[in-house]
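Side chains included, hydrogens not; waters and symmetry mates left out as well; all remaining heavy atoms used.
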Amino acid sequence: SLSLSRYYCDIEAVTSLRLNNNALATVNGLLPVVLPKLVPFHSVSQLLWLDLSFNRLTVCADFPRSHSSPRTKLTSARGEQDVDEALLEFTSLSVLYLHANQIQQSANYKLLSSLKSLTNLAIHGNPLDAVPNLEKKLLAALPNLTKLNFSPVTRLQRADAEQWKASQSRARAKLAK
């Protein structure tokens with residue numbers, strides 16, 4: 001049984017949460033228990049930094065949500081569990097560390113594009129690294145990103161990502177004809 005009552009009673013707002021180096025295989029059940037103790041759901045949007053690095057996560061799923069939000073899971077074409085839309089409630093999240101996990105699905109980055117404040121993402125050291133054009137996909141989906149995997153995003157990287165995105169759009173348009 002987790003008891004945090006003596007630690008959170010005087011906390012105005014928690015802006016960062018570090019759950020790194022814990023060998024977590026899932027956050028299912030963990031964040032919905034821990035985070036409400038630290039961050040009341042009305043202030044979830046104040047969370048700026050979330051570190052889930054060096055665990056055993058395979059997907060970014062089961063993030064906490066407000067009681068009024070519907071729980072919607074996205075699935076990949078193969079029907080695998082994908083990113084949980086509840087992550088969108090972290091509207092002020094600017095730093096997200098997911099490196100050194102077991103994340104495999106390339107579709108995981110798509111939901112992150114809805115996090116308009118996200119400027120720093122670390123996702124290296126996952127099987128996802130083997131996905132072709134991953135950096136371009138991430139940079140095209142996350143236009144506000146200034147750091148990717150602890151390195152500054154250069155203008156050349158950004159231009160390559162935009163060019164790649166445009167070529168993908170043209171290819172989809174050709175297929176639609």
Side-chain angles (χ1 to χ4, degrees), residues 13-20 27 31 35 39 43-53 55 57-66 69-77 80-176:
V14 173
T15 59
S16 62
L17 182 60
R18 299 183 83 181
L19 295 172
N20 57 315
V27 291
L31 288 179
L35 199 58
V39 184
S43 64
V44 161
S45 63
Q46 295 177 9
L47 192 67
L48 302 174
W49 181 312
L50 181 58
D51 186 349
L52 293 167
S53 62
N55 283 295
L57 302 174
T58 56
V59 293
C60 320
D62 298 314
F63 286 89
R65 61 185 170 87
S66 68
S69 295
R71 190 105 174 155
T72 306
K73 298 256 187 225
L74 302 177
T75 54
S76 68
E80 297 166 328
Q81 185 180 18
D82 209 355
V83 183
D84 192 316
E85 275 189 355
L87 180 58
L88 300 178
E89 292 200 33
F90 296 104
T91 55
S92 297
L93 193 66
S94 62
V95 177
L96 180 59
Y97 291 165
L98 296 169
H99 56 285
N101 277 288
Q102 298 299 316
I103 299 169
Q104 299 177 24
Q105 300 171 22
S106 63
N108 278 314
Y109 73 90
K110 291 179 182 175
L111 191 63
L112 298 178
S113 67
S114 298
L115 296 172
K116 303 300 182 199
S117 297
L118 190 64
T119 59
N120 189 337
L121 174 65
I123 198 162
H124 64 282
N126 284 289
L128 182 67
D129 286 342
V131 172
N133 298 310
L134 178 64
E135 179 181 289
K136 291 176 184 172
K137 289 177 181 179
L138 288 169
L139 292 177
L142 302 166
N144 295 327
L145 214 57
T146 57
K147 284 190 177 181
L148 178 60
N149 297 328
F150 301 108
S151 296
V153 174
T154 66
R155 282 182 280 198
L156 181 58
Q157 287 173 305
R158 182 70 62 199
D160 285 346
E162 291 305 315
Q163 185 178 13
W164 176 85
K165 184 178 179 180
S167 71
Q168 295 299 304
S169 295
R170 286 190 302 273
R172 277 194 296 277
K174 270 187 179 180
L175 289 174

Could you tell me whether the side chain of Thr91 reaches within less than 4.5 Å of the side chain of Leu115, counting heavy atoms only? no
Under 3.5 Å, is there a donor-acceptor pair between the side chain of Ser113 and the main chain of Leu142? no
Looking at Asn126 and His99, what are the two nearest heavy atoms and their distance? ND2-CA, 3.9 Å
Heavy atoms, side chains only, cut-off 4.5 Å: are Thr58 and Asn101 in contact? no
To the nearest 0.5 Å, atom CD of Gln104 lies from atom CG of Leu57 at 12.0 Å
Whether over 12 other heavy atoms sit under 6.0 Å from Gln163 CD: no
Sequence-distant partners of Arg18, salt bridge (charged side-chain N to carboxylate O under 4.0 Å, His left out), two or more places apart: Asp51
Residue pairs meeting ring pair (Phe, Tyr, Trp, His ring centres under 6.0 Å), one or both in residues 130-149, sequence neighbours left out, come to none
When rounded to the nearest 0.5 angstrom, what is the spacing between OG in Ser53 and NE2 in His124? 8.5 Å
Here the gap from Ser16 atom OG to Trp49 atom CH2, rounded to the nearest 0.5 Å, amounts to 7.5 Å
Could you please spell out the steps behind the side-chain contact (heavy atoms from CB on, under 4.5 Å) verdict for Leu47 and Leu17? CA-CA 8 Å; Leu47 192 67; Leu17 182 60; 4.2 Å; yes
Say you draw a straight line from NZ of Lys165 to CG of Asp160; how long is it, rounded to the nearest 0.5 Å? 14.5 Å
Name of the residue among Asn149, Leu139, Leu145, Val95 meeting side chain to side chain contact (heavy atoms under 4.5 Å, CB included) with Leu121: Leu145
Could you pull out all donor-acceptor pairs under 3.5 Å where a side-chain atom in residues 128-136 meets a protein atom, sequence neighbours excluded?
from: Asp129; atom 1: OD2; to: Gly125; atom 2: N; distance (Å): 2.8
from: Glu135; atom 1: OE1; to: Gln157; atom 2: NE2; distance (Å): 3.4
from: Glu135; atom 1: OE2; to: Gln157; atom 2: NE2; distance (Å): 3.1

Are any non-hydrogen side-chain atoms of Leu96 and Leu118 less than 4.5 angstrom apart? yes
Student check: side-chain heavy atoms of Leu52 and Leu98 closer than 4.5 Å: yes
